[in-house]
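Read the structure below first, then the notes.
What you see is a predicted model; the values in this text were computed from it and never measured.
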Amino acid sequence: MKRVAPTPAPSYYEASIAPKRPPRARLRGEVDVDVAICGGGISGISAALHLAERGLRVAVLEGGTVGSGASGRSGGQILNGFSASQPALEARYGLYKAQQLYALSLEAVQLVRDRVARHAIACDFMEGAITLAMKPRHLADFRAEAARMAEHYDQSNLEVWDVDQTRAAVRSPLYCGGLYDPTGCHLHPLNYTLGLARAAEAAGAMIYEESRVTAWASGTRPMLATAEGRVRAKEIIFCGNAYLGRLVKDLWPLIMPVASCIIATEPLGDRLKDCLSRPLSACDANIVLDYFRPTGDGRLLFGGLANYSGREPRDIIKALRPRLHRAFPQIADAKIEFGWGGLIDITPRREPQMGQLEQGVWFAHGYSGHGLALATLSGALLAEGICDRSDRLALLESLPRPAFPGGRFRTATLITGMLAMRLKDAL
């Protein structure tokens, strides 16, 4: 896979892998399988796992190491819904289809839970997620959302917290309320991805690392090629997301790479309770938002700085530290031990895209910040689509796939839009 970013900085996740990565070979020579997959993140590994469990012979080609892209560098949040809001989905497709799509997102979160439990994946799985109000209009939006979800989506478990409830859990002067979702959760995304990979290999899948796909072919005998070998298959799947670059010309216009950055403090011990009295995954309600959560070893992870140019700041720790200290001045003296970034992909409508490009060629991408759960589900749905008829995949495949406007100037167009969103956040 062609990279579209410099070699990323080491992450806290990479430093806390457990158990250690097993050695995996590069692809050399020719291999024949039923399904060949480009991309060793959650989408590709989940597809490999579900296909191998159905008895198919599967090979995964990863340009780096398993989870070295967004799957192993993300915030680790597992969230219901899509990045597109339910009112937006209702306006585009009607209430019934919006309800079907939301139900799929709930299934995605549950599938993560099930896989963690089934394969005993040690990934610091924790319960609870909250969206935080930074101004009164956010709190009004939360009340309307909770009412809508209870009335139309049978989701009566969302709780709107006032300022006192919120600050009892999230001990920050920034937030005046919250929308708490007890079904949201979070985990160590790299250990989760590696756990799925071990399960896929145990089921019979082959995973090749440092095996970047440089060419491919469709037709009667689809093929993925690397510098040192090729895999011939009956079906091929592209799961490279923002790291796929222009390898597949029909996919490149549909997504944009967005850089997001995270820092991790030193282990805080009892001081973590001075920030979070509960192990919540949290984000603010701004369009261009910040997010944070605790880790299994007592650190605070804090992320944000979404950059629609796809570029990271030169010094991630220096760039994010003031935002962390603004939220939690009580740990201003804590050492920040890690700072890293990575690319997520977004679509114009912030809706995931998946299905067939042509006969024998499948893809999944565009999770737009909700990738951990949706990528896990996409692997299951692609396996269903290849092996059987899948009404659930057909639902997602029916969504339009608009390209980003602007052609070769699309990045500049998107940056202009980002600036407009930042202005709206400031109001």
Partner residues of [X] under the side-chain hydrogen bond (donor to acceptor under 3.5 Å, both in side chains) criterion, sequence neighbours left out:
X      : answer
Arg221 : Asp32
Asp290 : Arg323
Ser83  : none
Asp124 : none

Looking at [X] and [Y], would you say the former's side chain and the latter's main chain have a donor-acceptor pair under 3.5 Å?
X      : Y      : value
Ser281 : Cys185 : no
Ser46  : Ser43  : no
Arg21  : Val66  : yes
Glu209 : Gly63  : no

Taking side chain to side chain contact (heavy atoms under 4.5 Å, CB included) as the definition, give me every residue that meets it alongside [X], ordered by chain and number, with sequence neighbours left out.
X      : result
Glu358 : Trp216, Ser218, Val361
Arg118 : Glu53, Arg115
Ala383 : His50, Leu51, Arg54

Partners passing ring pair (Phe, Tyr, Trp, His ring centres under 6.0 Å) against Phe125 (at least two apart in sequence or in another chain):
none
Could you tell me which residues satisfy ring pair (Phe, Tyr, Trp, His ring centres under 6.0 Å) with Tyr175, sequence neighbours excluded, listed by chain and number?
none
With salt bridge (Lys or Arg N to Asp or Glu O under 4.0 Å) as the test, would you mind laying out the steps for Glu337 and Arg299 before giving the verdict?
CA-CA 10 Å; Glu337 293 190 339; Arg299 303 170 190 267; 2.6 Å; yes
Starting from the C-alpha separation in whole Å, work towards a yes-or-no answer on salt bridge (Lys or Arg N to Asp or Glu O under 4.0 Å) for Arg73 and Glu14.
CA-CA 8 Å; Arg73 305 181 69 79; Glu14 196 71 39; 5.6 Å; no
For residues His188 and Ser16, is any side-chain donor paired with an opposing acceptor at under 3.5 Å?
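Per modelled atom types, His188 and Ser16 side chains form a pair under 3.5 Å.
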When you check the side-chain N and O atoms of Thr376 and Tyr192, is any donor under 3.5 Å from an acceptor?
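Judged by distance alone, the side chains do pair up.
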Would one find more than 12 heavy atoms of other residues, nucleotides or ligands at under 6.0 Å from atom NZ of Lys97?
yes
Counting only heavy atoms not in Asp270, do more than 12 sit closer than 6.0 Å to its CG atom?
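No, because the 6.0 Å sphere around CG of Asp270 holds 12 heavy atoms or fewer from other groups.
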Counterpart residues, salt bridge (Lys or Arg N to Asp or Glu O under 4.0 Å), relative to Glu228 (two or more places apart)
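So Glu228 forms a salt bridge (Lys or Arg N to Asp or Glu O under 4.0 Å) with Arg26, Arg28.
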Can Arg293 be said to sit on top of Phe302's aromatic six-ring, NZ or CZ under 6.0 Å from centre and within 45° of the ring axis?
no
Can the ring centres of Phe142 and Trp161 be said to be less than 6.0 Å apart?
no
Would you mind writing out the side-chain donor-acceptor pairs for residues 259-268 within the sub-3.5 Å range, not counting sequence neighbours?
residue	atom	partner	partner atom	Å
Ser260	OG	Tyr291	OH	3.1
Thr265	OG1	Leu300	N	3.0
Glu266	OE2	Lys335	N	3.0

Just grab all the ring-ring contact (aromatic ring centres under 6.0 Å, His included) pairs involving residues 357-383, residues at least two apart or on different chains.
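Sorted result for residues 357-383: Phe363-His365.
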Please work out which of the three classes, parallel, tilted or perpendicular, describes the rings of Phe292 and Phe328, given edges at 30° and 60°.
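Perpendicular: the ring planes of Phe328 and Phe292 meet at over 60°.
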Just wondering, do Thr131 and His138 contact through their side chains at under 4.5 Å, heavy atoms?
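Side-chain contact under 4.5 Å: no.
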Which heavy atom of Thr193 sits nearest a heavy atom of Gly67, and at what distance?
CG2-CA, 4.1 Å
